[in-house]
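To start, the structure under review is shown below, and the notes come after it.
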Amino acid sequence: MPDASIILELCEILGITVNGLLSGEEIDMESYEKRTDENLIALKRKDENNMTKNVTISILFSVTLLIGIMVCLVCNIAIAGNVTWSLIPASSIVFAWAISFPSIILGKRGVVVSLVSLSVFIIPYLFLLGNLIKVKEVFSVGAVVAVTSIVFLWIIVATFNRIGKTRKLIALGTTFLLAIPFVIIVNVMLSKMIEEPIFDVWDMLSIFILLIFALASFICGYAKKKRLMK
């Protein structure tokens, strides 16, 4: 069964109704209402099955991470006699869970929730991590890069919400282009904070690859729009 987000566009391309697509055949008016009910029930059943599967995966994922935390704590106490280094992996696992859990249980609908969770927890996590390992740069440098990265991620989400629904390749090409000033901005900030050169050969190579990917996406998007490719 097609993903619900593309059904209307798919039906428009094929010149059929949604019920015709879901039924796999043309529907006469006499059986239209019956087939509509059947299709709605099938869609609801599919959503329920997906939710059940996501809940099961989410529980297994959470239990696995909890076991990982317990193993770290037990090993730390057994070796050192108290809780010391285990707080580092434990806090990182909790942080990873807070970001990943919405996407696992909600699927595509949870991506934005995961991004909100990342935006909320990244600064407290870096502050805690910096204190645990006693390296101030983890927070001072990491927070600046993290905030810049989160802004970039929200721009990507806005780009795909704006034009990605109908022109995914154009949105992808735009994302690759936007990644270039992002790389430059991050490099400039890092050069001022840790006295590193703004650009090296790998940075130039990364920018060149991003340009190639952006150009390829725009060309494919144009070709698809002109029906030159499927």
Side-chain angles (χ1 to χ4, degrees), residues 1-10 18 21-22 39-76 83 85-130 132-133 138-139 142-143 145-169 171-172 174-176 178-179 182 186 213 217:
M1 184 177 292
D3 187 87
S5 63
I6 66 170
I7 284 182
L8 290 177
E9 183 182 1
L10 184 59
V18 173
L21 175 68
L22 297 179
N39 290 331
L40 288 174
I41 292 172
L43 285 174
K44 181 174 177 59
R45 187 177 295 116
K46 179 190 175 185
D47 289 340
E48 291 175 348
N49 290 337
N50 287 340
M51 181 56 69
T52 301
K53 181 179 69 175
N54 290 346
V55 169
T56 302
I57 295 174
S58 300
I59 293 174
L60 292 175
F61 175 72
S62 301
V63 170
T64 301
L65 294 187
L66 180 61
I67 292 174
I69 292 175
M70 296 303 298
V71 169
C72 291
L73 292 173
V74 170
C75 290
N76 190 187
V83 176
W85 57 264
S86 61
L87 292 177
I88 298 173
S91 61
S92 299
I93 290 173
V94 172
F95 176 66
W97 177 86
I99 296 172
S100 306
F101 188 78
S103 294
I104 294 175
I105 195 168
L106 298 176
K108 293 181 180 179
R109 294 172 295 178
V111 172
V112 174
V113 181
S114 290
L115 187 52
V116 171
S117 179
L118 176 63
S119 303
V120 171
F121 293 114
I122 184 64
I123 299 300
Y125 167 70
L126 290 173
F127 179 77
L128 176 62
L129 186 62
L132 288 175
I133 64 177
V138 170
F139 178 71
V145 176
V147 170
T148 307
S149 302
I150 289 172
V151 171
F152 176 65
L153 290 175
W154 278 111
I155 291 174
I156 292 176
V157 170
T159 300
F160 273 88
N161 284 338
R162 181 75 174 178
I163 60 178
K165 294 179 180 179
T166 56
R167 295 177 292 172
K168 291 183 179 180
L169 289 172
L172 184 61
T174 303
T175 299
F176 285 131
L178 290 173
F182 167 73
V186 169
F213 283 165
S217 299

Can you tell me how far the CD1 atom of Ile150 sits from the CD1 atom of Ile155, to the nearest 0.5 Å?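 That separation rounds to 12.5 Å.
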
[X] versus [Y], closest heavy-atom pair with distance:
X: Ser117; Y: Ala98; answer: OG-O, 2.9 Å
X: Ile122; Y: Phe95; answer: CD1-CZ, 3.6 Å
X: Cys72; Y: Ser86; answer: O-CB, 3.4 Å
X: Leu106; Y: Asn54; answer: C-ND2, 4.4 Å
X: Ser58; Y: Phe101; answer: CB-CE1, 3.5 Å

Side chain to side chain contact (heavy atoms under 4.5 Å, CB included) between Phe160 and Thr175, intermediate numbers included: CA-CA 9 Å; Phe160 273 88; Thr175 299; 3.3 Å; yes

Is it true that Ser103 and Ser114 share a donor-acceptor pair across their side chains at a distance under 3.5 Å? yes

Within the distance-only criterion (no hydrogens, no angle test), does the side chain of Ser100 pair as donor or acceptor with the backbone N or O of Trp97 below 3.5 angstrom?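 No.
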
Check the angle between the aromatic planes of Phe139 and Phe127 and answer parallel, tilted or perpendicular using the 30° and 60° thresholds.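 Phe139 and Phe127: perpendicular rings.
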
For Phe182, is the CZ atom crowded, meaning more than 12 foreign heavy atoms sit under 6.0 Å from it? yes

Min side-chain heavy-atom separation Lys53-Ile57 under 4.5 Å: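 Side chain of Lys53 against side chain of Ile57, heavy atoms only: contact under 4.5 Å found.
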
Answer yes or no: is there a side-chain heavy-atom contact under 4.5 Å between Val116 and Trp154?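 They are in contact (side-chain heavy atoms under 4.5 Å apart), so the answer is yes.
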
